[in-house]
S.K.: 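If you scroll down you'll find the structure; I have some questions about it.
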Amino acid sequence: QVQLVESGGGLVQPGGSLRLSCAASGSSFSTYAMAWYRQAPGKQRDLVATLVSGGTPYYVDSVKGRFTISRDNAKKTVSLQMISLKPEDTAVYFCNAARLRDGEYYQYWGQGTQVTVSS
């Protein structure tokens, strides 16, 4: 079992920056693929970025060059640094942990943190 708590959301002007953090509790954090998703009002929840331990980050095209995902396995945290924010980045951002173990797929979500990009 993994519990995830996000922080760092808020209101920012277009072109601004925010850093989201996700703190995990539970065991075997390093074995989980960690990801950030976002969900805008009236839309589905979409993947933003993902990172496995020792792997190369993956970003959706819309955030490449602007967002950076990182993780610290010792501290059990994953972060999303966001720069050059645009109004279309406005959404609730969710932290996600997932792994496949012994044929079973395990997935956990945080409660989400609101990011609003507006002047």
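For clarity, every value in this text was computed on a predicted model and none was experimentally measured. All residue numbers refer to positions in the sequence shown, counting from 1.
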S.K.: Which is it for Q107 and W109 under the side-chain contact (heavy atoms from CB on, under 4.5 Å) test, yes or no, and what are the steps along the way?
M.R.: CA-CA 7 Å; Q107 181 172 232; W109 296 93; 3.8 Å; yes
S.K.: When rounded to the nearest 0.5 angstrom, what is the spacing between CG in L47 and CG in N96?
M.R.: 8.5 Å
S.K.: Do the side chain of K76 and the main chain of G26 share a donor and acceptor less than 3.5 angstrom apart?
M.R.: yes
S.K.: Is the shortest side-chain heavy-atom distance between L85 and L18 below 4.5 Å?
M.R.: yes
S.K.: Identify the two heavy atoms, one from I69 and one from P57, that lie closest to each other, and give their separation to 0.1 Å.
M.R.: CG2-CB, 3.7 Å
S.K.: Working to the nearest 0.5 angstrom, can you tell me the gap between F29 CZ and K75 NZ?
M.R.: 12.5 Å
S.K.: So, Q111 side chain and V5 main chain: donor-acceptor pair closer than 3.5 Å or not?
M.R.: no
S.K.: Pair S79, R19 - check side-chain contact (heavy atoms from CB on, under 4.5 Å), show working.
M.R.: CA-CA 7 Å; S79 298; R19 184 178 180 88; 3.5 Å; yes
S.K.: Applying side-chain contact (heavy atoms from CB on, under 4.5 Å) to L51 and V78, what does each step give before you reach the verdict?
M.R.: CA-CA 9 Å; L51 178 62; V78 60; 5.9 Å; no
S.K.: Distance-only, no hydrogens or angles: does the D72 side chain make a donor-acceptor pair with backbone N or O of A74 under 3.5 Å?
M.R.: yes
S.K.: Rounded at 0.5 Å granularity, tell me how far CD1 in I83 sits from CG in D89.
M.R.: 11.0 Å
S.K.: Ignoring hydrogens, what is the shortest heavy-atom contact between A49 and Y59? Give both atom names and the distance.
M.R.: CB-CD2, 3.5 Å
S.K.: Classify the ring geometry of F67 against Y93: parallel below 30°, tilted from 30° to 60°, perpendicular beyond 60°.
M.R.: tilted
S.K.: Is a side-chain donor or acceptor of T90 paired with a backbone partner of V117 at a separation under 3.5 angstrom?
M.R.: yes
S.K.: Atom OG of S28 and atom CZ of R99: how far apart are they, to the nearest 0.5 Å?
M.R.: 4.5 Å
S.K.: Same cluster for V52 and Y37 if Ile/Leu/Val/Met/Phe/Trp/Tyr side chains link at under 4.5 Å?
M.R.: no
S.K.: I need the full list of disulfide (SG to SG under 2.5 Å) pairs touching residues 2-119, with sequence neighbours left out, sorted by first then second residue.
M.R.: C22-C95
S.K.: What pair of heavy atoms forms the shortest contact from A97 to M34, and how long is it?
M.R.: CB-SD, 3.5 Å
S.K.: For A91 versus A40, what's the shortest heavy-atom pair and its separation?
M.R.: CB-N, 3.8 Å
S.K.: Check the pair L20 / M82 against side-chain contact (heavy atoms from CB on, under 4.5 Å), numbers first and verdict last.
M.R.: CA-CA 8 Å; L20 305 183; M82 306 183 292; 3.7 Å; yes
S.K.: Which heavy-atom pair separates Y105 from A98 by the least distance, and what is that distance?
M.R.: OH-CB, 3.4 Å
S.K.: Using a strict 4.0 Å threshold on nitrogen-to-oxygen distance, state whether K64 and D61 make a salt bridge.
M.R.: yes
S.K.: Atom CG of L11 and atom OG of S119: how far apart are they, to the nearest 0.5 Å?
M.R.: 9.5 Å
S.K.: With no hydrogens and no angle check, do the side chains of R66 and S84 hold a donor and an acceptor under 3.5 Å apart?
M.R.: no
S.K.: Roughly how far apart are L80 CG and T113 OG1, rounded to 0.5 Å?
M.R.: 11.0 Å
S.K.: Do side-chain atoms of S53 reach the backbone of S30 as a donor and acceptor pair under 3.5 angstrom?
M.R.: yes
